[in-house]
Amino acid sequence: MKPADLSGLPEGVPEHLQSQGIEELYPPQAEAVEAGITDGESVVASVPTASGKTLIAELAMLSSVARGGTALYIVPLRALASEKKAEFEEFEQFGVSVGVSTGNYDSDGDWLASKDVIVATSEKVDSLVRNGAQWVDDLSCVVADEVHLVDDPNRGPTLEVTLAKLRRINPDLQTVALSATVGNAGEMADWLDATLVDTDWRPIDLRKGVLYGQALHFDDGTERELQRGNEKETAALVRDTLDDDGSSLVFVNSRRNAEAAAKRLADVTSEFLTPEERDELADVAAEIRDVSDTETSDDLADAVADGAAFHHAGLASEHRSLVEEAFRDRLVKVISATPTLAAGVNTPSRRVIVRDWRRYDGDVGGMTPLDVLEVHQMFGRAGRPGLDPYGEAVLIAKNHEELQELFDQYVWADPEPVRSKLAAEPALRTHILATVASGFASTEAELLQFLERTLYATQTDETGRLEEVTGRVLEYLERNEFLERDDRLQATGLGHRVSQLYLDPMSAAEIVDGLRAADGEPTAMGLYHLVARTPDMYELYLRSGDREEYTELAYERETEFLGSMPSEFEDGRFEDWLSALKTARLLEDWTSELDEDRITERYGVGPGDIRGKVETAEWLLNAAEQLAMEIRRDEREGVPDGVTTAIRETRKRVEYGVQEELLDLAGVRNVGRKRARRLYEAGIESRADLREADPSVVLGALRGRRKTAEKILENAGHQNPSLDDVEADAGAEADANAAATDTVDDGAGGQQSLGDFE
DNA sequence: TCCGGACAGTTCTAGACAGCATGTC
DNA sequence: CTAGAACTGTCCGGA
């Protein structure tokens, strides 16, 4: 089938596809067209990664738009939203407009109504439905990318429920689900009333194999000898790929391992670099160093300078995209990564090496083997269509038995079936409340009827389980005053709020209890701890020694906590309290302007983790403020005066990472926590001061950085932001330098003054 | 002049040990 | 990441 054979698309699209070098549709694409994808038919496409899934989605969406409809594309990760947007914008020339919606703010998303194609995460779609976004009613086509993720215990149920809701709102909705090859794609097709397109076809060859000793055994029976002296397996494989001018991706099971591997592999890659590549890599390394002032950042830059990199969630997102881009540009020759990369943005590579196929699992208390599906997802990153002649995916065996084991377990094995994780209390807690609050059900019977539309219902034979958990959850929601239940189910004002804020009801209950327990104005620490102990904030790991340290701190700060501290002998609860305290102190350090590298060191986290915690805290503090207002509205006493303003102020401090006096300055664009402090020390204490400031003082405070100084003056609305012929004020420069070392109480009793004597 | 032994300093190695992935609103 | 082994180099006394 050729693009010209396609009908129902916007004018010019078939020709455009042809001009993009698509002569012939891939078999799965042709199959999807035959199944009626361009005529509004629902399809589940279970096909390997990089075999043209995106075009299937595009055909469905574009034909839907051509018929005057609106299409929604659901992505599993925020990082993928912008990638997809960029791909779809290719069709803007044919009159198709594209919008993206992710993240905490803009709750109604009304501006999206004018878009033809909307890209959003499943949580965002769910949130938009809860907030009653009008355009949702007018959707004609929905695409769910990576739909096998309904198997995920945390986020799977959201996707499942969201699809059920969308299909309920609009019974004629065309549903297109894109999935990796899984064991039970048929079940998903049944669930979605869709035609199944199920194939193993790939545009380029994927050879899978296992390395044992010197020999690389492939699934087609061939073997390849690797020369390696005493070099490690991974290094030898990377070298071997480089000899053939290809790049590698190495999957390992921990951040530390990823960093250590990158460091070692840098020795290998650095032998292969041309002088030009070295120059370009030096530039990338410099950019990486600029992102954050931490050891992680430096280590990454060092590796990148030699053509290697690591990749994990501890990196700031700028780090990640710099690395991904340099890898796609073939400057970086190898990335060692945690599984983040397998699910993330597109980074194909000639060879994929799955070095660690076991991972630590806290629930089991030991190492467990990865799912077949997960390993196959990693494998799927091998081979770049149109660039590589083939892709290779390799596991590493330590002994002879393992060689056979790995073949059986991963190379030959079929991926496990996808199972719905909906019937678990945490998932149902939030989705039942939302289902009732947004009017999808007003009795228990209707609720169960709605849940019948989920994948869970089509999969389970076990009658009664859903009813039982639902009963428990309703009881919980009623007890916490989110729902009222007589013969009908109805959300309370508070319940509606919680649903709209997209909070886990358990988080909301914790916050509400804490706020009610407040007498007087809460301290920042009190609020940090309150939000840190909700289930919506992931716990920081307590390391050995931490228990004592934070127990002591807990007693020291006991009066500040909102709500009462559990007893030291209540084991689980007390531990949770301490690990929330650890998070709370991280936030306190952040808002007292402690340097990023000190924070990463102190808590054993990466720069990306700090930003993650900060973002979550911002979101939860905002929710806490809304909840406080809600409680005040319908109770006469409830929450003391000044609580809402205290929360708002605290949230702003978290947002900017500054102490109170810098809030005004840090609000100016291009002024972060560091620059704000420097300006402040130089006597510029507010936005108004900055507007009237002597440019030479500003220049001095910013250590003579002319461009930034100019931009900042402009953003502050300064009369004459030009810095031509302006000299930096030496006094201001000295103040600014002092500010860099001396603003911080590091909690260790003024130890930081040590630095002054060295 | 040569040799062995005492000693300090350095490098290498094995074993114990802690720690371990991700993510939306 | 540390303890201990193993190795290296220096100095000194004795023949």
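Given the structure is predicted, the values throughout are model-derived calculations rather than measurements. Chain naming here is simple, since letters A, B, ... match the order of the sequence lines and numbering starts at 1 in each.
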Is there aromatic stacking of A/Tyr502 on B/dC25 here, judged by a ring-centre distance under 5.5 Å and a plane angle under 30°? no
Whole-Å distance, A/Asn622 CG to B/dC25 C1', equals 11 Å
Rounded to whole Å, the CG-P distance (A/Asp546 to B/dA18) equals 13 Å
- Kindly say if A/Arg78 contacts the phosphate of B/dC25, meaning a side-chain N or O under 4.0 Å from OP1 or OP2. yes
(message) Test your reading of the model: is there a side-chain donor-acceptor pair from A/Thr583 to the backbone of A/Ala532, 3.5 Å cut-off?
(response) no
Please test A/Arg633 against A/Glu630 for salt bridge (charged side-chain N to carboxylate O under 4.0 Å, His left out), starting from the C-alpha separation and ending with a verdict.
CA-CA 5 Å; A/Arg633 191 167 5 237; A/Glu630 189 67 36; 3.1 Å; yes
For this session: Could you tell me whether the side chain of A/Ile610 reaches within less than 4.5 Å of the side chain of A/Tyr603, counting heavy atoms only?
Result: no
note: A/Glu123, atom CD; B/dT24, atom C1'; distance rounded to Å ~ 4 Å
Side-chain atoms of A/Lys124 come closest, of B/dA21, B/dC25, B/dG23, to B/dC25
Q) Looking at A/Thr338, does any N or O in its side chain come under 4.0 Å of the phosphate oxygens OP1/OP2 on B/dT22? A) yes
Answer for the Watson-Crick or wobble partner of B/dA16, both distances under 3.5 Å, is none
B/dG23 -> Watson-Crick or G-U wobble partner, both distances under 3.5 Å, gives none
Between CG of A/Leu341 and C1' of B/dG23 the distance, given in whole Å, is 15 Å
For side chain to side chain donor-acceptor pair (under 3.5 Å), just list the numbers for A/Tyr360 and A/Asn253, CA-CA rounded to whole Å, side-chain angles, deciding distance to a tenth of an Å, and then say yes or no. CA-CA 8 Å; A/Tyr360 180 81; A/Asn253 64 4; over 6 Å; no
Closest of B/dT22, B/dC25, B/dG19 to the A/Thr121 side chain is B/dC25
Comparing nearest nucleotides in DNA chain B, the 5'-proximal residue of the pair A/Gly314, A/Leu501 is A/Gly314
| Going by heavy atoms in the side chains, are A/Leu477 and A/Pro505 under 4.5 Å from each other? | yes
Next item on the list: Answer yes or no: side-chain N or O of A/Tyr541 and base N or O of B/dG19 forming a donor-acceptor pair under 3.5 Å.
Entry: no
_Using a heavy-atom cut-off of 4.0 Å across all strands, would you classify A/Asn154 as base, sugar-phosphate, or nothing?_
base
Of the candidates B/dT22, B/dC25, B/dA21, the side chain of A/Thr340 sits closest to B/dT22
Taking a pair to mean Watson-Crick or G-U wobble geometry with both distances below 3.5 Å, B/dT10 pairs with C/dA6
Heavy-atom nearest nucleotide on DNA chain B taken for A/Ser544 and for A/Tyr538; more 5' hit belongs to A/Ser544
Taken to the nearest whole Å, CZ/A/Phe251 to C1'/B/dT22 is 13 Å
Which of B/dA21, B/dG23, B/dC25 is nearest the side chain of A/Arg359? It is B/dA21
Answer for the Watson-Crick or wobble partner of B/dC3, both distances under 3.5 Å, is C/dG13
Looking only at B/dA21, B/dG23, B/dC20, the nucleotide nearest the A/Pro339 side chain is B/dA21
